[in-house]
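Residues take their numbers from the sequence shown, with the count starting at 1. This structure is a prediction, so every number in the text was calculated from the model and none was measured. All heavy atoms count here, side chains included; hydrogens, waters and symmetry mates do not.
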Amino acid sequence: MRKTRQQAQETRNQILDAAERVFAERGVAHTSLEDVAARAGCTRGAIYGHFRNKGELFVAVTNRVILPMEMMVAASVDPGEPDPLGTIRQLLVFCLGKTAVEPHSRRVFEVLLTKCEHTREMDIVFDRQRNATRNGREQLELALRNAIARGQLPPDLDAVRAAGVVPAFIGGVLRDWLLEQGSIVLPRDAEYLADACIGMLRHSPSLRQQCDDVHSIE
């Protein structure tokens with residue numbers, strides 16, 4: 001029985017690996033279960049033994065990786081953290097670098113950012129992305145306030161606005177890199193990009209509190 005379960009798991013992983021590659025090559029909408037079966041060297045029936053449909057298969061593929069903003073949730077919000085801004089920088093470098101060096105992450109991010117149409121069967125994946133971005137923004141806001149309190153960022157930094165800009169920065173960098181525009185090379189450029197983001201937080205007038213701003217530093 002143990003050998004049977006092991007074989008089933010190996011087949012499942014084989015199907016997931018094949019699906020990940022085909023989705024990255026053709027996009028989700030233009031990939032059929034027959035395409036996945038051919039790449040995996042199995043029958044379509046074997047796929048149905050593990051997944052009910054293409055949507056469920058795609059969800060399983062994305063569940064094997066950590067999304068960029070899920071990585072950022074680890075940003076320090078401990079008031080006792082002596083270097084909250086340094087922690088944010090490290091996570092930015094890790095997030096951008098991991099995408100390039102980890103094959104599963106690169107392929108899944110490529111599909112999500114450049115080759116995935118928003119259909120009903122993909123709702124669970126997009127809900128996960130939205131939740132990751134929302135949770136990441138909340139954690140970043142706390143970490144940024146910690147950095148402000150420690151004098152690492154300007155006292156008039158709008159933490160709410162800044163916490164929204166950082167995910168947009170990450171998404172834009174990854175999308176540009178995945179589309180192979182040539183202006184960004186990862187992981188080589190991860191550190192300077194992280195420093196550019198930190199510099200934006202420190203110096204951009206657009207991220208400062210205004211007298212009539214609805215946000216206030218607490």
Side-chain angles (χ1 to χ4, degrees), residues 3-74 91-136 167 170-182 184-190 193:
K3 183 176 181 181
T4 301
R5 286 198 298 268
Q6 180 179 351
Q7 289 176 333
Q9 185 61 47
E10 289 174 353
T11 299
R12 186 178 190 276
N13 290 337
Q14 185 177 341
I15 293 169
L16 289 172
D17 288 342
E20 181 184 282
R21 287 180 169 82
V22 180
F23 286 147
E25 292 170 4
R26 305 185 184 185
V28 179
H30 298 291
T31 296
S32 67
L33 292 182
E34 287 85 355
D35 296 328
V36 176
R39 182 65 61 91
C42 66
T43 64
R44 191 172 68 168
I47 295 179
Y48 282 124
H50 295 272
F51 307 101
R52 290 178 297 178
N53 50 48
K54 185 172 69 172
E56 187 173 284
L57 173 59
F58 181 62
V59 171
V61 167
T62 62
N63 282 343
R64 298 200 298 177
V65 305
I66 302 175
L67 300 178
M69 288 311 298
E70 289 173 338
M71 299 179 196
M72 291 303 297
V73 166
L91 286 165
L92 284 168
V93 172
F94 173 75
C95 176
L96 296 175
K98 181 179 174 63
T99 305
V101 301
E102 209 288 302
H104 292 301
S105 295
R106 174 169 181 162
R107 284 191 288 265
V108 171
F109 294 168
E110 181 177 0
V111 174
L112 289 174
L113 294 174
T114 68
K115 297 180 180 180
C116 184
E117 299 78 6
H118 194 162
T119 61
R120 289 189 62 184
E121 63 181 355
M122 305 302 172
D123 278 348
I124 189 170
V125 177
F126 285 100
D127 285 343
R128 180 187 170 196
Q129 288 182 286
R130 283 190 288 267
N131 290 335
T133 299
R134 182 180 63 252
N135 293 335
I170 294 173
V173 167
L174 292 177
R175 186 173 290 106
D176 187 82
W177 172 68
L178 289 166
L179 290 173
E180 297 183 343
Q181 299 296 318
I184 293 172
V185 179
L186 297 176
R188 184 197 70 187
D189 296 338
L193 289 165

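Side-chain contact between Leu193 and Val93 is absent, with no heavy-atom pair separated by less than 4.5 Å. At least one side-chain heavy atom of Leu67 sits under 4.5 Å from a side-chain heavy atom of Leu112. Counting heavy atoms from C-beta outward, Arg12 and Phe51 have side chains that approach closer than 4.5 Å. With a 4.5 Å cut-off on side-chain heavy atoms, Ile170 and Leu92 count as touching. When side chains are defined from C-beta on, Arg128 counts as touching Asn63, because their heavy atoms get closer than 4.5 Å. Trp177 has its side chain within reach of Thr99: a pair of non-hydrogen atoms, C-beta onward, lies under 4.5 Å apart.
The nearest pair of heavy atoms linking Ile15 to Ile47 is CD1-CA, 3.9 Å. Taking both residues in full, the closest heavy atoms of Glu110 and Ala24 are given as OE2-O, 4.0 Å, listed atom of the first, atom of the second, then distance. Shortest non-hydrogen contact noted between Arg64 and Asn13 is NH1-O, 4.2 Å. Taking every heavy atom of both residues into account, His50 and Glu56 meet most closely at O-OE2, 3.7 Å. Residue Gly97 comes nearest to Pro187 through the heavy atom pair CA-CB, 3.9 Å, listed as atom of the first residue, atom of the second, then distance. The nearest pair of heavy atoms linking Pro68 to Cys95 is CB-SG, 3.5 Å.
For His104, the NE2 atom sits in a packed shell: over 12 heavy atoms of surrounding residues, nucleotides or ligands are nearer than 6.0 Å.
Atom CE of residue Met69 and atom CZ of residue Arg134 lie 12.0 Å apart, to the nearest 0.5 angstrom. Between atom CZ of residue Arg106 and atom CG of residue Leu178 there is a gap of 6.5 Å, rounded to the nearest 0.5 Å. Distance check, rounded to the nearest 0.5 Å: CG of Leu113 to CG of Leu179 gives 8.5 Å.
Looking only at distances, a side-chain donor or acceptor of Asn131 sits under 3.5 Å from a matching main-chain atom of Asp127. Panel note: side chain Glu20, backbone Val61; no donor-acceptor pair is recorded below 3.5 Å. Side chain of Glu70 to backbone of Ile66: no donor-acceptor contact under 3.5 angstrom is found. In this structure, Thr114 contributes its side chain and Val111 its backbone to no donor-acceptor pair below 3.5 Å.
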Practice task
Please test Val36 against Arg39 for side chain to side chain contact (heavy atoms under 4.5 Å, CB included), starting from the C-alpha separation and ending with a verdict.
Solution key: CA-CA 5 Å; Val36 176; Arg39 182 65 61 91; 5.8 Å; no

Problem - Derivation and outcome, side chain to side chain contact (heavy atoms under 4.5 Å, CB included), residues Leu96 and Asp189 - result: CA-CA 9 Å; Leu96 296 175; Asp189 296 338; over 6 Å; no

Exercise for the section: Test side chain to side chain contact (heavy atoms under 4.5 Å, CB included) on Leu16 and Leu57 and set out the steps. Expected result: CA-CA 7 Å; Leu16 289 172; Leu57 173 59; 3.9 Å; yes

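Between Asp35 and Lys54 there is no salt bridge, since no side-chain nitrogen of the basic residue lies less than 4.0 Å from a carboxylate oxygen of the acidic one.
In summary, the side chains of Glu10 and Gln6 do present a donor paired with an acceptor at a separation below 3.5 Å, with no hydrogens or angles considered.
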